[in-house]
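This report concerns only the one structure given below.
Just so you know, these numbers come straight off a predicted model, no measurement behind them.
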Amino acid sequence: MKKILYLFVLLFSLQTEAQVATDTPKVSVVDTLKKDLLTVPDTVPHLRSKTAALIPPAALVGYGVLSFYAKPLRKFDRYVYSEARDHNIITNTTLEDYFQYAPIIITYGVNLVGVHGKNTFIDRTLIYAMSQGMLQIAMRTLKRSTHRLRPNGADRLSFPSGHTANAFAGAEFMAQELSGNSPYYGVVGYAFATTTGIFRIYHQDHWLSDVIAGAGVGILATKGAYLLYPYIRNALFKPKENEKKSDVPTELRKKKNRSAMLLPSYSTGTLGLQFSMEF
């Protein structure tokens with residue numbers, strides 16, 4: 001009986017110490033967000049963007065530009081316009097005024113509930129600001145140099161679609177930041193952007209080629225920002241090697257290899273085993 005009791009105490013000691021040693025501390029969402037929001041950015045080798053990824057959006061812009069010279073494309077613009085006018089199933093409410101900002105709101109919104117993107121708050125905000133800067137310069141230049149009349153005749157600032165460009169810039173931003181967590185984030189962002197473009201056609205604010213070109217300009221602006229930003233940031237901030245990752249939130253660091261250790265222990269007359277693991 002004593003042997004059975006001693007064995008029971010030994011197993012209980014092992015279970016208790018293993019439980020204490022292996023339990024990982026709970027991460028506070030508030031603390032994590034503070035870390036993310038207040039972190040001084042390090043250099044940004046974790047940002048990635050390939051120049052080949054600029055080809056598809058550039059082709060979209062090329063389609064829009066070609067519509068000024070290719071009569072079949074312009075004829076197709078008018079066909080889509082007439083079909084949208086004759087079979088208008090879209091509400092008169094200009095929901096696209098809000099949909100264009102949905103990807104950005106979602107990106108920062110999920111971060112507030114603890115879903116981290118590819119970069120810290122400062123990094124991604126500077127990237128978005130750079131994207132918007134390039135987007136606005138491109139839009140102003142194109143709109144005022146092309147003088148295309150809107151389908152509703154309101155003005156000659158039809159090409160390209162600003163709402164669509166802004167929506168697709170946000171959708172690409174959302175995909176860049178959150179697709180590492182789930183590809184559905186990118187799908188949701190691009191769904192809002194596509195809906196924005198469709199609404200602009202149905203509300204007779206833009207031709208199809210305006211919307212296609214706007215999508216290309218928006219994606220190009222964001223992809224271009226992700227391509228250029230690392231060079232600018234790394235040129236401005238060059239911390240020491242041992243400080244490069246000291247301020248990066250834990251969720252954004254590479255996971256370390258696990259190591260475990262099993263040792264005998266003796267406490268208050270009880271013999272047991274102590275198990276510890278480093279994550």
Side-chain angles (χ1 to χ4, degrees), residues 27-42 44-50 53-54 56-57 60 95-136 138-139 161-200 211 214-230 232-233 247-254:
V27 178
S28 170
V29 173
V30 175
D31 291 341
T32 302
L33 291 177
K34 286 181 179 179
K35 182 81 171 178
D36 184 51
L37 295 174
L38 302 177
T39 291
V40 176
D42 63 340
V44 283
H46 50 281
L47 296 183
R48 295 289 183 268
S49 187
K50 298 180 180 179
L54 302 178
L60 296 179
L95 293 176
E96 63 268 30
D97 289 346
Y98 309 100
F99 282 1
Q100 63 175 321
Y101 300 111
I104 296 299
I105 294 173
I106 294 173
T107 301
Y108 281 94
V110 298
N111 178 247
L112 290 177
V113 296
V115 180
H116 284 274
K118 183 163 56 177
N119 304 292
T120 63
F121 174 84
I122 295 178
D123 277 330
R124 64 173 171 269
T125 301
L126 289 174
I127 291 170
Y128 180 66
M130 181 182 293
S131 169
Q132 282 295 305
M134 293 190 293
L135 177 63
Q136 295 306 318
M139 294 302 297
S161 169
H163 281 67
T164 307
N166 194 43
F168 274 89
E172 178 62 23
F173 177 79
M174 184 175 178
Q176 289 276 349
E177 287 296 320
L178 299 177
S179 288
N181 296 309
S182 171
Y184 291 108
Y185 284 113
V187 173
V188 170
Y190 271 91
F192 273 108
T194 302
T195 303
T196 298
I198 293 173
F199 275 33
R200 297 304 282 170
V211 169
V217 173
I219 298 172
L220 272 176
T222 298
K223 283 187 177 294
Y226 274 92
L227 183 64
L228 296 175
Y229 181 76
I232 298 174
R233 286 284 292 104
D247 291 327
V248 179
T250 305
E251 292 77 6
L252 301 180
R253 300 181 190 176
K254 292 183 178 179

Exercise: identify the closest heavy-atom pair between [X] and [Y]:
X	Y	answer
Gly117	Leu178	CA-CD2, 3.9 Å
Leu60	Gly216	CB-CA, 3.8 Å
Thr107	Val110	O-CG2, 3.3 Å
Ala165	Met139	CB-SD, 3.8 Å
Ala53	Lys223	O-CD, 3.3 Å
Pro103	Gly189	CG-O, 3.8 Å

Donor-acceptor pairs under 3.5 angstrom involving side-chain atoms of residues 191-198: please list them, not counting sequence neighbours.
| unit_1 | atom_1 | unit_2 | atom_2 | d |
| --- | --- | --- | --- | --- |
| Thr194 | OG1 | Tyr190 | O | 2.8 |
| Thr195 | OG1 | Ala191 | O | 2.8 |
| Thr196 | OG1 | Phe192 | O | 2.9 |

Practice item. Mark yes or no for whether Glu172, through its side chain, and Ile219, through its backbone, hold a donor-acceptor pair below 3.5 Å. Key: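 Between the backbone of Ile219 and the side chain of Glu172 there is no qualifying donor-acceptor contact (under 3.5 Å).
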**Study point:** Results of ring pair (Phe, Tyr, Trp, His ring centres under 6.0 Å) for Tyr185 - residues two or more places apart only
**Key:**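 Once residues adjacent in sequence are excluded, Tyr185 has no partner under the ring pair (Phe, Tyr, Trp, His ring centres under 6.0 Å) criterion.
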Check your understanding: What residues form a ring pair (Phe, Tyr, Trp, His ring centres under 6.0 Å) with Tyr184, not counting sequence neighbours?
Key ->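 Partners of Tyr184 by the ring pair (Phe, Tyr, Trp, His ring centres under 6.0 Å) criterion come out as none, since no residue qualifies.
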Are the side chains of [X] and [Y] in touch, meaning some heavy atoms are under 4.5 Å apart?
X	Y	value
Leu126	Phe121	no
Asp123	Tyr229	yes
Val217	Thr164	no
Phe99	His163	no
His116	Asn111	yes
Arg124	Gln176	no

Practice item. Check side chain to side chain donor-acceptor pair (under 3.5 Å) between Thr125 and all other residues, then give those that pass, not counting sequence neighbours. Key: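 Result, side chain to side chain donor-acceptor pair (under 3.5 Å) vs Thr125: Tyr108.
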Taking only residues at least two apart or on different chains, which pairs with a member in [range] satisfy salt bridge (charged side-chain N to carboxylate O under 4.0 Å, His left out)?
range	value
residues 100-115	none
residues 95-114	Glu96-Arg200
residues 99-109	none

Please round to the nearest 0.5 Å and tell me the distance separating atom [atom1] of [X] and atom [atom2] of [Y].
X	Y	atom1	atom2	result
Ile127	Arg233	CD1	CZ	9.0 Å
Leu54	Leu227	CG	CG	6.0 Å
Ile104	Phe173	CD1	CZ	5.0 Å

Check your understanding: Partners of Tyr101 by side-chain contact (heavy atoms from CB on, under 4.5 Å), sequence neighbours excluded?
Key ->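 Tyr101 satisfies side-chain contact (heavy atoms from CB on, under 4.5 Å) with Ile105, Asn166 only.
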Practice item. Using side-chain contact (heavy atoms from CB on, under 4.5 Å) as the criterion, list what pairs up with Ala169, not counting sequence neighbours. Key: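 Partners of Ala169 by the side-chain contact (heavy atoms from CB on, under 4.5 Å) criterion, ordered by chain and then number, come out as Ser131, Gln132, Leu135, Thr222.
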